[in-house]
Every structure is written in C-alpha cells, then in structure tokens.
**Q** 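Take this structure, written in structure tokens, and hold onto it; I'll ask about it next.
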Amino acid sequence: MKSRIEKTLRLGTDEADIRRAGEIIRDGGLVAFPTETVYGLGADALNELAVKSVYEAKGRPSDNPMIVHISKMEELDAIVRDVDDLSLMLMKELWPGPITFVLHKRDVVPDATSGSLDTLGVRMPSNDIARALIAAAERPIAAPSANLSGRPSPTTSEDVLEDMDGRIDAVIEGALSDIGIESTVLDCTGDIPTILRPGYITAETIKEITGIEVAYDKSLLCRPKEELNPSDGAAEIEDFKPKSPGMKYKHYSPKAKVQIVMGDIEKCRREAEEKGIKTAVLDYGEDSKEAARNFFADLRKLDRAEVELIFVRALDEEGLGFSIMNRMLKSAGYDVIK
Ligand code: TXA
Ligand code: MG
C-alpha cells in the first residue's frame, strides 16, 4: 500500500465528515463507506492510480472489474453509452437499490476500473450516506467490497477495520448494512439478459417488472460432480468458466473450515465435537432475509471466537435463498454434507 497512508481516519456521518471523505476521494485516496448491501472501498472511478491502489489495498487480482457507483441518473451518461431498454426500465423501478447493470463503457473510464473489459458495472446505492459521499466527491466512485480479497464481505465498519486498518485513508462509520450480501449483477449487453451474480433483487422480481425471464450465468449452477442432476442444466465445477470475472476467485472464506449441511446438522456438530474440534452451527431456518443480513458477519464473529469448523444449514434455493446459497457454497468451497 502507498506509504503516505499512516493511519486510517475514522469519520462520522455528519455533513463535515462526508465533505472530508469526498475530498479524500478527489485527491486520489481510498475511503470505505456503508451501502445497503455491504461496505464498499471507494476510489475515484476515473483516476487510474487511485483505482490501482484499491487492488493493492485489497490484495485483489487486477482482472477483477469494479462496480462504479453513482448518486443520480444524470451521472450515468458520462461513463456508459447505448443503455438498453430493459436495463433502463429496471433502473427506473429498482434504483437507487441493490442491483448493478453491466453496460457499454465510455473511454473516459480507465481500463483499471473495468478490469480491461469494454463493459462497466454501474450501481446507484439506496444508502443515503453512500449517495451523499458520491455527490461530495463530485465524481463516480469505484467500489468493491471493503474486505481483503478472499475474505467475507464486511457489513459493519468494525469488520472493515479488521481487514483494512492502516491500508486505507478513511472509513465512514455508518450503520450495519441492512441487506448483507452484494448487489445482483445483471448483464443485458448480450443476446439473453443474464444474471451474473445473484443478489437481493431476484429473477422473479425482474420478471414481475418486465415480464422477461432472465437467464443465470452457467457458472452459478455449478455443483460438485456427485450432485449433478443431468436434467437441470448444471455444469461441473471443472467446467467453471464464469462470465463475471470476479466469480472465479476464492471467495467469502473465513479461517474456519465451512461445510453446508442438507441433513441432520446437530448430528454433524456432535460428531465433530466428540473429536475435540471447536465447532459452531449457523442455522437460519428458512428466514432468508435474516440469513442474508447475518451470514458474512457471523463468519467473522466465529473466526474471532477461533472456531475451527462451521456447519451451515442449507437454505431452500428459491428467490433470495438462491442468492444466499451461492455465497454459502462459495464460502464452503462447495463442500456439502447430505
Ligand atoms: O453490493 C455491491 O455490489 C458491493 C457494494 C460495495 O456496492 N460491491 C461489490 O463489488 O460487490 P465487488 O468488487 O466485490 O464485486 C464486483 C463484481 C466483480 O467481481 C464481477 O463479478 C462483477 O461484479 N462485475 C463488475 N463489472 C463487471 C463487468 N463489466 N462484467 C461482468 N461482471 C462484472
Ligand atoms: Mg467482493
């Protein structure tokens, strides 16, 4: 990380602090900030050096594109062109909110921001602090989740500091991220509108608004070989070539080993504890909103408690459950117990 960073400034959410945070972004610095999904690590999206320092601070591979955040519809045209009708219709209904659209990038946006793709993921967050920061910075803000690469995404400012203290210029200490998993990423630039990353906004919601059935990127249906059901179109993990570059990396991993359980989770716990393994169970019942809000935060809490093995009860993969199971399976490296 840049040597000029000596200490990470803790900022509040009042006007003066947001203005200060905006200045830091304009000067090419890095500011972590709350959004409704997870905390983001923000940099001036149009400043190549600033964006490069985000990759450095996170230890993130540089072909993994960033999501660019705007605060008003009028800011869209400066960074992308030829927005398709379906994306536009969904933006009108769902922005500000937890959905990112993949659009055709304009040349002013550096390759560093888009991971050298000619498309750009853009989102307008509903969190007021996030939008106030973008407005104060007077430019679009590139922001991946504010965690070290590979770790669970942060949903509190404490979780941000756990990974990033001393590596970034400032953090805005806002409230807990209410949704708790990252935005849905929708790509309408190809022949078939496709969800590249499932999130709070589901395919069902998109169909209700537009009448259109969107596809899922094939990589989202990847399952271990022994679980493949030839009729459901799922691919093997070995064929895992996701369209969304970020999806190929190790993700959401706590220090503890994670296993997803589809059967008797208490039995799993008993057997592990009998072997002297420090074990915990995460069971959210069928409350998918609770699961989304707490899953990443719970993984971090269990790491702090030095738990060695975490059993997570599988959710029904309907609606939001599908999005959460995507995160759960990744955090477990697709290790599932039936
Ligand atoms: O909820 C969120 O989206 C959070 C908050 C901070 O807004 N941000 C976030 O960013 O999750 P990040 O960097 O952790 O995830 C960005 C992912 C990439 O890894 C990639 O999978 C996808 O979004 N993505 C971004 N731009 C893309 C593009 N042009 N084409 C395909 N996928 C893209
Ligand atoms: Mg992330």
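Only this structure's heavy atoms are used, side chains among them; waters, hydrogens and symmetry mates stay out.
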**Q** Does the pair Lys207/Glu204 count as a salt bridge with the N-to-O cut at 4.0 Å?
**A**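 No, Lys207 and Glu204 are not salt-bridged.
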**Q** With the threshold set at 4.0 Å, does a side-chain nitrogen-carboxylate oxygen contact exist between Lys278 and Glu308?
**A**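 No, this pair does not count.
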**Q** Specify the closest pair of heavy atoms between Phe296 and Pro152, including all atoms of both residues, with the distance to one decimal.
**A**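 Smallest interatomic distance, heavy atoms only, reads CD2-CB, 3.9 Å.
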**Q** Among pairs that include at least one residue of residues 91-101, which meet salt bridge (charged side-chain N to carboxylate O under 4.0 Å, His left out), considering only residues two or more places apart or in two chains?
**A**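 The answer is none; no pair qualifies.
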**Q** With Phe295, which residues qualify under ring-ring contact (aromatic ring centres under 6.0 Å, His included), at least two apart?
**A**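 Partners of Phe295 by the ring-ring contact (aromatic ring centres under 6.0 Å, His included) criterion come out as none, since no residue qualifies.
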**Q** Inspect the contact between Arg300 and Asp163 and indicate whether a charged nitrogen and a carboxylate oxygen are less than 4.0 angstrom apart.
**A**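 A salt bridge links Asp163 with Arg300.
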**Q** Between Arg327 and Glu182, is there a side-chain N and carboxylate O pair less than 4.0 Å apart?
**A**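 Counted as a salt bridge, because a side-chain N and a carboxylate O are separated by less than 4.0 Å.
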**Q** Under 4.5 Å side-chain heavy-atom separation, chaining through any Ile, Leu, Val, Met, Phe, Trp or Tyr, what else clusters with Met89? Say none if it is isolated.
**A**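 Members besides Met89: none; it forms no cluster.
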**Q** Between Glu75 and Arg131, does at least one N-O distance fall below 4.0 Å, as a salt bridge requires?
**A**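 Arg131 and Glu75: not salt-bridged.
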**Q** Set out, in order, the CA-CA distance, both residues' side-chain angles and the distance that settles side chain to side chain contact (heavy atoms under 4.5 Å, CB included) for Met164 and Leu148, then state yes or no.
**A** CA-CA 7 Å; Met164 292 299 179; Leu148 284 175; 4.2 Å; yes
**Q** What I want to check is whether the side chains of Asn127 and Glu36 have a donor and an acceptor closer together than 3.5 Å.
**A**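 Note: Asn127 and Glu36 side chains miss the donor-acceptor criterion.
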**Q** Ser183: what forms a side chain to side chain donor-acceptor pair (under 3.5 Å) with it, not counting sequence neighbours?
**A**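 Ser183 satisfies side chain to side chain donor-acceptor pair (under 3.5 Å) with Thr100, Arg197 once adjacent residues are dropped.
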**Q** Any luck finding a side-chain donor-acceptor pair between Asn326 and Tyr216 under 3.5 Å?
**A**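 Side-chain D/A pair, Asn326 to Tyr216: absent.
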**Q** Could you work out, with salt bridge (Lys or Arg N to Asp or Glu O under 4.0 Å) as the rule, every residue matching Asp17, not counting sequence neighbours?
**A**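 Once residues adjacent in sequence are excluded, Asp17 has no partner under the salt bridge (Lys or Arg N to Asp or Glu O under 4.0 Å) criterion.
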**Q** Salt-bridged, Glu266 to Arg269, with N to O below 4.0 Å?
**A**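 Between Arg269 and Glu266 there is a salt bridge, with a charged N closer than 4.0 Å to a carboxylate O.
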**Q** Is Arg10 paired with Asp165 through a side-chain N to carboxylate O contact shorter than 4.0 Å?
**A**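 Between Arg10 and Asp165 there is a salt bridge, with a charged N closer than 4.0 Å to a carboxylate O.
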**Q** Tell me which pairs pass side chain to side chain donor-acceptor pair (under 3.5 Å) where either residue lies in residues 41-51, with sequence neighbours left out.
**A**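 Matches after skipping sequence neighbours: Asp44-Arg139, Glu48-Lys52.
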**Q** Do Asp107 and Arg81 meet the salt-bridge criterion of a basic N to acidic O distance under 4.0 Å?
**A**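 Not counted as a salt bridge, because no side-chain N and carboxylate O are separated by less than 4.0 Å.
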**Q** Nearest heavy-atom pair of Ile24 and Leu9: which atoms, and what distance?
**A**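 Closest approach of Ile24 to Leu9, heavy atoms only: CD1-CD2, 4.2 Å.
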**Q** Charged N to carboxylate O below 4.0 Å: is that the case for Arg304 and Asp159?
**A**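 Yes.
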**Q** Given side chain to side chain contact (heavy atoms under 4.5 Å, CB included), test Leu282 with Phe311 step by step and report yes or no.
**A** CA-CA 6 Å; Leu282 292 177; Phe311 291 118; over 6 Å; no
**Q** Check Leu86 against Cys188 and note the closest heavy-atom contact, atom names and distance.
**A**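 Nearest pair, atom of Leu86 first, then Cys188: CD2-SG, 3.8 Å.
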